[in-house]
Enquirer: 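One structure, as C-alpha cells, below. Some questions next.
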Protein chains: 2
Amino acid sequence: MPDTRTKLIDATIDVLRTDGITGVSARVVAARAQVNQALVFYHFGTLTGLIDAATRHAVDASADHYRSAFAEVGSLSALLNVGRQLHEAEQASGNVALMAQLMAGGQHDPALAAAARYGMDRWTAEIETVVARVLRTSVLSGFADAPGLARTVCASFIGLELYDGVDPAGGATALETLTHLAVLADAIDGLGPVARRAVTARLKTAGR
Amino acid sequence: MPDTRTKLIDATIDVLRTDGITGVSARVVAARAQVNQALVFYHFGTLTGLIDAATRHAVDASADHYRSAFAEVGSLSALLNVGRQLHEAEQASGNVALMAQLMAGGQHDPALAAAARYGMDRWTAEIETVVARVLRTSVLSGFADAPGLARTVCASFIGLELYDGVDPAGGATALETLTHLAVLADAIDGLGPVARRAVTARLKTAGR
DNA sequence: GTCTATAAGATGATAGAC
DNA sequence: GTCTATCATCTTATAGAC
C-alpha cells in the first residue's frame, strides 16, 4: 500500500495526462488519489508544489526509459525511426503529452517553468548522447552542434505530439515525414567517397 | 471606438498571450476589455465560444502576415532564416505562443481542438506553398512530401517557442541550430552535378 | 445591448480536533 | 498524519430591470 505522498504524486500525473494542466486542482487530484484534500497542502505546501514534485518524478522515470530506447541507435535514420516508435508508445505512456502540458503551464508560472526546464534538461541529455554518437559516423561530422540539435529534436517532438492531439490526421501526415527524412538521411550517408568529401568540404568552408 | 464584440475578442487574445489558457476567465477578459462580464455570454454564449472566436480571428490575421513574410523565400536555407526572423518578432507578436496555448487547451477540449485545427490548417497552408516551391529547385526534388514537411515544420516551431518560453538559454541554443541547418542545406544544394545526381538517384531508389 | 444582482458551485488554503 | 469544517474568493452562467 503506497503512502499518501506517492498516491498524490501518481494521481497528479494521471490527472495531468487525462485532463491537462487546466484540469488539475487540489480537490480533483485528492479525489483521484482517494485522499483527503487538505493533505495536498500538508505534504506539498501548495498545489504548484505538488505539480512540481509529480512532474519531476514522471520525468525521472521516462528519462531512464528513453535511455534504453536510444541505446542501440547508431544512425540518423535509426534515430528518426525510434522517434516514430516512441510516438506509437506515446498514446499509452503519455510522457510527451505530460511534458507539453507542463511547458504550456510554465510559460506563465515560474515554478512550473523550473520543473519544465528540469524535464527538458533530462530529456535533452539523453538525446544529446545519441545525436553526438550519430553525428560522428555521419557525413555531418563537420556539423558539430549536438547540443543544439538535441534540443531542437526534443522540442520539435513535443510540438508534433501537441499537433497530433488536436488533429490526428494532420499529426500522422507530419510524423510520416520522419520516415521520409530517415530515407533522406540514409541517401546522404550512402553517398560515395567523392560526394562525401564534397559535402564535408562545403560544411567546413561555410563555417562551423 | 470598437464595439463590444471586438473589444472582447481583442482582450481575449491579449489575456491568452500574457497569462495563457489557465489565466482566461470571463471576468478577467471582461475586465481587460472594460466591459461588463455578462456580455461575454450575451455575445458568445460560453467562455469557450469567445476563446474560439478570438483565436480564429488572431489566426486569420497572422496567416495573412506570414504569407507576405514567406513570399520571397526561394531556398531551404532562406526558409530556415525566415524561421529565425519570425522567432525574433515573436516576442512582440506572440502569435506562436497563442497557438501553443490553444493547442495545449485543445488536447482535452473538443471546441478548442477544433479552433487549433483551424489555426494549424491556415498556417500549414501558407508554409506548404513555400515548402513545395523550395523543394522544386532543390536536390530534394525527389523528396516530394511537401504537406508532411510543412506540418512538421509548423509543429516543430510551436515546440521550439514553447521551449524558449520556459528556458530562453536552451531555446536560443536550439534556434541557433536553424542557422546551422541552413548552412547544411546550402552545402547540399551547392554540390556539383555528379554528387547531385548521386543523391537524387539514391532518393529515387529508396522509394518516395 | 447593457446593466445589476444573484444563483450554484469550485477554488486554494487554513484552523483546530483527533 | 489525517480528518472536518470553514473562509474568502473565484468560477460560469442566468434572470430581469432599463
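Convention: sequence-line order gives letters A, B, ...; per-chain numbering from 1.
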Enquirer: Where do B:Cys154 and B:Thr124 come nearest, in terms of heavy atoms and distance?
Expert: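 What the structure gives for the nearest pair is CB-CG2, 3.9 Å.
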
Enquirer: Using whole Å, report how far OH of B:Tyr42 lies from C1' of C:dC3.
Expert: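 Checked: the OH to C1' distance equals 13 Å.
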
Enquirer: OP1 or OP2 of C:dT11 versus the side-chain N and O atoms of A:Ser25: is any pair under 4.0 Å?
Expert: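 For C:dT11, OP1 or OP2 has a side-chain N or O of A:Ser25 closer than 4.0 Å.
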
Enquirer: Could you state the CZ-P distance from A:Arg27 to D:dA5, rounded to the nearest angstrom?
Expert: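 Between P of D:dA5 and CZ of A:Arg27: 13 Å.
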
Enquirer: Quick one: A:Lys7 NZ to D:dG1 P, roughly how many Å, whole number?
Expert: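 Rounding to the nearest Å, NZ of A:Lys7 and P of D:dG1 are 13 Å apart.
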
Enquirer: Roughly how many Å is it from CG in B:Asp3 to P in C:dT2, rounded to a whole number?
Expert: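 My rounded result for the distance is 8 Å.
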
Enquirer: Which listed nucleotide (C:dG12, D:dT11, D:dG1) is nearest to the side chain of A:Ala26?
Expert: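 Ranking C:dG12, D:dT11, D:dG1 by closest atom to the A:Ala26 side chain puts C:dG12 first.
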
Enquirer: Distance check needed: C:dT6 C1' versus B:Asn36 CG, whole Å only.
Expert: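 Going from CG in B:Asn36 over to C1' in C:dT6 covers 13 Å.
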
Enquirer: Can you check whether A:Thr46 has a side-chain N or O nearer than 4.0 Å to OP1 or OP2 of C:dG12?
Expert: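 No, because none of the side-chain N or O atoms of A:Thr46 sits under 4.0 Å from OP1 or OP2 of C:dG12.
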
Enquirer: To the nearest angstrom, how far is A:Phe41 atom CZ from D:dA5 atom P?
Expert: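 The answer, rounded to whole Å, is 18 Å.
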
Enquirer: Kindly say whether A:Ala100 contributes a backbone atom to a donor-acceptor pair with the side chain of A:Glu161 at under 3.5 angstrom?
Expert: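 No.
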
Enquirer: Would you call B:Arg122 and B:Asp64 a side-chain contact if the rule is heavy atoms closer than 4.5 Å?
Expert: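 In short, these two side chains touch, coming nearer than 4.5 Å.
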
Enquirer: I need the CG-P distance between A:Leu39 and C:dT14, as an integer number of Å.
Expert: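 From A:Leu39 CG to C:dT14 P: 14 Å.
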
Enquirer: Here's a test of your reading of the structure: between A:Ala38 and A:Val28, which maps to the more 5' nucleotide of DNA chain C?
Expert: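 Its nearest nucleotide being more 5', the pick is A:Val28.
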
Enquirer: On DNA chain D, check which nucleotide each of A:His43 and A:Gln37 is closest to and give me the residue with the more 5' one.
Expert: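 Nearer the 5' end of the strand: A:His43.
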
Enquirer: Please report, rounded to the nearest Å, how far the C1' atom of C:dG12 is from the CD1 atom of A:Ile51.
Expert: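 Taking CD1 of A:Ile51 and C1' of C:dG12, I get 12 Å after rounding.
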
Enquirer: Do A:Phe70 and A:Leu86 make a side-chain contact, defined as non-hydrogen atoms from C-beta onward lying under 4.5 Å apart?
Expert: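 A:Phe70 reaches A:Leu86 side chain to side chain.
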
Enquirer: Give B:Leu47 one of three labels, base, sugar-phosphate or nothing, depending on what nucleic acid heavy atoms sit under 4.0 Å from its own.
Expert: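 Here B:Leu47 touches the backbone only, sparing every base.
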
Enquirer: Step by step, would you call B:Arg5 with B:Asp10 a salt bridge (Lys or Arg N to Asp or Glu O under 4.0 Å)?
Expert: CA-CA 9 Å; B:Arg5 264 190 75 95; B:Asp10 290 346; over 6 Å; no

